[in-house]
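Please read the structure below before turning to the comments.
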2 protein chains.
Amino acid sequence: MDDNGGNDTRGGGARGTVATTARHMQIGEVATRTELSLRTIRHYEETGLVTPSARSQGGFRLYTEGDVARLMVIRRMKPLGFTLDQMRDLLDATDRLDGGAALDADEREALLGRVRTYQEAAAEQVEKLRIQLARAEDFADTLRARLPRDAPATRTA
Amino acid sequence: MDDNGGNDTRGGGARGTVATTARHMQIGEVATRTELSLRTIRHYEETGLVTPSARSQGGFRLYTEGDVARLMVIRRMKPLGFTLDQMRDLLDATDRLDGGAALDADEREALLGRVRTYQEAAAEQVEKLRIQLARAEDFADTLRARLPRDAPATRTA
DNA sequence: CAACTCTACCCTAACGTTAGAGTAGGGATC
DNA sequence: GATCCCTACTCTAACGTTAGGGTAGAGTTG
């Protein structure tokens, strides 16, 4: 047993949990703050979604507030059902739009196009989620209807 | 290229698509009717969720209306995020409750307990879906806000 | 030293995706 | 009217993918 100990989101250790305002955080603190697992955060790095801004001499990942913000964005994107590749693509686009790197008209237009595409996909996904929710509610009700009026567990009748 | 040809839900061929009221359907018709892929339907059989009521001499799966109904139930369950194993478990329970097989009190109580458990899980899932939907809407709006007011594609400003 | 982190690797669920072979049944042929 | 053929449909088997979970064994940090 090591690492996350098998749980989901870190329990809040002793050391790294303090420096909420520090310049660098280790992965554990990031995990608690983002409610993502260590494995997930590392996986996001493997797939090029979020790369820690630095590494310690010994190789520990060191994250900044900006990194955490990016992770939070990803967390909000997840329910939209995009793949990690798509998220990376979208994040790259917005990053380049925001980063004041003076892009020429064509490039800017291309980037905006990408964002627009994702926006439309997002809107569609929202619709699907609505339908899913409706179906889920429906099914939950159906299930409840099958039960003899919330009777307690023991005692037959 | 054979089978489904790489698409998702079948396009509606020539032969099997006619006999909507026949006693047996082959997998293709079932797929169109349930909007599930051939692979998915076969997979459900592999995992013991829905077994076709019969097979043709040549080995084709033959489904009845009842089978289709069961598949539709599963389709409604999917958004609740249950695993296939859980669905099988739940379906077995309701099947045995419904099948007029005169079960004794203990057994009946046990089955109802299972259903109750799933009902609670379903209710929880509905809550999660609500939250997801909210987040998704939020994010979609955020994305839309980043776009220069739905401008057409070309022309920079 | 204790708590934390590292890489590397194997595992899972729920299908997707070929590949290669067989089947259902109607039409053309003899 | 039996045979062949053709095409649409289906079969099994098996590997691929996605988004991580879990574990091992070793190293790092405070």
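The sequence lines fix the lettering, A, B, ..., with proteins before strands; numbering per chain opens at 1.
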Stepwise, does the side chain to side chain contact (heavy atoms under 4.5 Å, CB included) test hold for B:Arg55 with B:Leu62?
-> CA-CA 5 Å; B:Arg55 290 272 189 155; B:Leu62 297 175; 5.8 Å; no
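- Rounded to whole angstrom, the span from the CZ atom of A:Arg61 across to the C1' atom of C:dT7 amounts to 8 Å.
- Computed from coordinates, the A:Gln26 CD to C:dA3 C1' distance equals 10 Å when rounded to whole Å.
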Hey, what are the protein-to-nucleotides 13-15 of chain C N/O distances that come in under 3.5 Å?
from   : atom 1 : to      : atom 2 : distance (Å)
C:dA14 : OP1    : B:Leu84 : N      : 3.1
C:dC15 : OP2    : B:Tyr44 : OH     : 3.2

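- Remark: B:Asp98 engages A:Arg146 in a side chain to side chain donor-acceptor pair (under 3.5 Å) (not counting sequence neighbours).
- The separation between B:Arg42 atom CZ and D:dC11 atom C1' is 7 Å, rounded to whole Å.
- For the pair A:Gly58 and B:Ser56, nearest-nucleotide mapping onto DNA chain C gives the more 5' position to A:Gly58.
- The CE atom of A:Met87 sits 13 Å away from the P atom of D:dT18 (whole-angstrom rounding).
- Residue B:Met25 comes nearest to B:Arg33 through the heavy atom pair SD-NH1, 3.4 Å, listed as atom of the first residue, atom of the second, then distance.
- Computed from coordinates, the A:Gln86 CD to D:dA19 C1' distance equals 14 Å when rounded to whole Å.
- Atom CZ of A:Arg114 has more than 12 heavy atoms from other residues, nucleotides or ligands within 6.0 Å.
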Run the numbers on A:Arg130 and A:Glu127 for salt bridge (charged side-chain N to carboxylate O under 4.0 Å, His left out), then give the verdict.
-> CA-CA 5 Å; A:Arg130 284 217 179 90; A:Glu127 264 322 291; 2.5 Å; yes
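- Among the nucleotides C:dC4, D:dC11, C:dT7, the one closest to the side chain of B:Arg55 is D:dC11.
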Begin from the C-alpha positions of A:Glu35 and A:Lys78 and carry the test salt bridge (charged side-chain N to carboxylate O under 4.0 Å, His left out) through to its verdict.
-> CA-CA 13 Å; A:Glu35 292 176 70; A:Lys78 276 210 297 187; over 6 Å; no
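- Atom CG of A:Leu38 is separated from atom P of C:dA3 by 16 Å (rounded to the nearest Å).
- Atoms CE (B:Met25) and C1' (C:dA24) sit 17 Å apart, rounded to a whole Å.
- As a whole-Å value, the separation of A:Leu36 CG from D:dG20 P is 8 Å.
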